[in-house]
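Input: a single structure, listed below in structure tokens.
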Amino acid sequence: MADHSKMIQERSAGAIVYRRDVFGTREYLLLNHGRHWDFPKGHTIPGETDRAAAERELCEETCIRAATFHEGFCREIRYVFRSRGVVVNKAVVFFVALTDVDAITLSHEHVGFAWMTYDIAMKAVTYPTSRDVLKRAEEFLARTSPQAG
């Protein structure tokens, strides 16, 4: 039986950021944490909305200040992990944002970044929950932004 006295709740917010290449194809921004590829995200601050946290984390992790967040896309994933003997019950809310920024300045938390097409990003993203959010974002964008891929 799990010891629930050592369980904490965490909430984070992040963004599935994309841009369009010269051919109009969507490219998604992935960050490399050393052991895995994922999207810009981080902890919410008490009193901060999920959207504000996603915008702040995007700026802190990539220095992207110019991004247009799409209305109508908000997906939450949940997972549990153990950290230093404590069970963490984590919820992460993702939004979708368009940018035309090319220059990325990474925070100290990351070792690299890449702009990837959907198919390549789906293979690169480490966690199944993140792949599911990417799939839903791609479907959302295909419905709402029906330009090239």
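What you see is a predicted model, and the numbers here were worked out from it, not measured in a lab.
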Which heavy atom of [X] sits nearest a heavy atom of [Y], and at what distance?
X	Y	value
Arg56	Thr44	NH2-CA, 4.1 Å
Met116	Ala124	SD-CB, 3.6 Å
Ala54	Gly14	CB-O, 3.5 Å
Trp115	Ile104	CZ2-CD1, 4.1 Å

Got a second to check how far [X]'s [atom1] is from [Y]'s [atom2], nearest 0.5 Å?
X	Y	atom1	atom2	value
Lys90	Ser83	NZ	OG	9.5 Å
Tyr118	Glu27	OH	CD	15.5 Å
Asp50	Arg11	CG	CZ	4.0 Å
Ser130	Tyr79	OG	OH	7.0 Å
Phe73	Leu141	CZ	CG	8.0 Å

Using side-chain contact (heavy atoms from CB on, under 4.5 Å) as the criterion, point out the one residue from [options] that pairs with [X].
X	options	result
Phe95	Arg51, His70, Arg75	Arg51
Pro40	Leu30, Leu58, Ile16, Ile64	Leu58
Phe39	Leu31, Val17, Leu134, Leu29	Leu134

Practice task
Could you give me the CA-CA distance, side-chain angles and deciding distance for Val93 and Cys74, then say whether side chain to side chain contact (heavy atoms under 4.5 Å, CB included) is met?
Solution key: CA-CA 7 Å; Val93 178; Cys74 178; 3.3 Å; yes

Practice task
Check the pair Thr126 / Asp38 against side chain to side chain contact (heavy atoms under 4.5 Å, CB included), numbers first and verdict last.
Solution key: CA-CA 7 Å; Thr126 305; Asp38 210 350; over 6 Å; no

Handout entry: Donor-acceptor pair between Glu138 and Tyr28 side chains, under 3.5 angstrom
Key =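 Side chains of Glu138 and Tyr28: pair found under 3.5 Å.
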
Any donor-acceptor N/O pair, [X] side chain to [Y] backbone, under 3.5 Å:
X	Y	answer
Arg82	Val88	no
Thr99	Ala66	yes
Glu60	Glu57	no

Handout entry: Residue pair His43 / Lys41, side-chain heavy-atom distance below 4.5 Å
Key =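 No. Closest side-chain heavy atoms not under 4.5 Å.
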
Problem - Non-hydrogen side-chain atoms of Glu10 and Phe81 separated by less than 4.5 Å - result: yes

Exercise for the section: Report whether Tyr127 and Met122 are members of the same hydrophobic cluster (ILVMFWY, side-chain heavy atoms less than 4.5 Å apart, transitive linking). Expected result: no

Exercise for the section: Before accepting this row, confirm whether a basic side-chain N of the pair Asp132/Arg136 lies closer than 4.0 Å to the acidic partner's carboxylate O. Expected result: yes

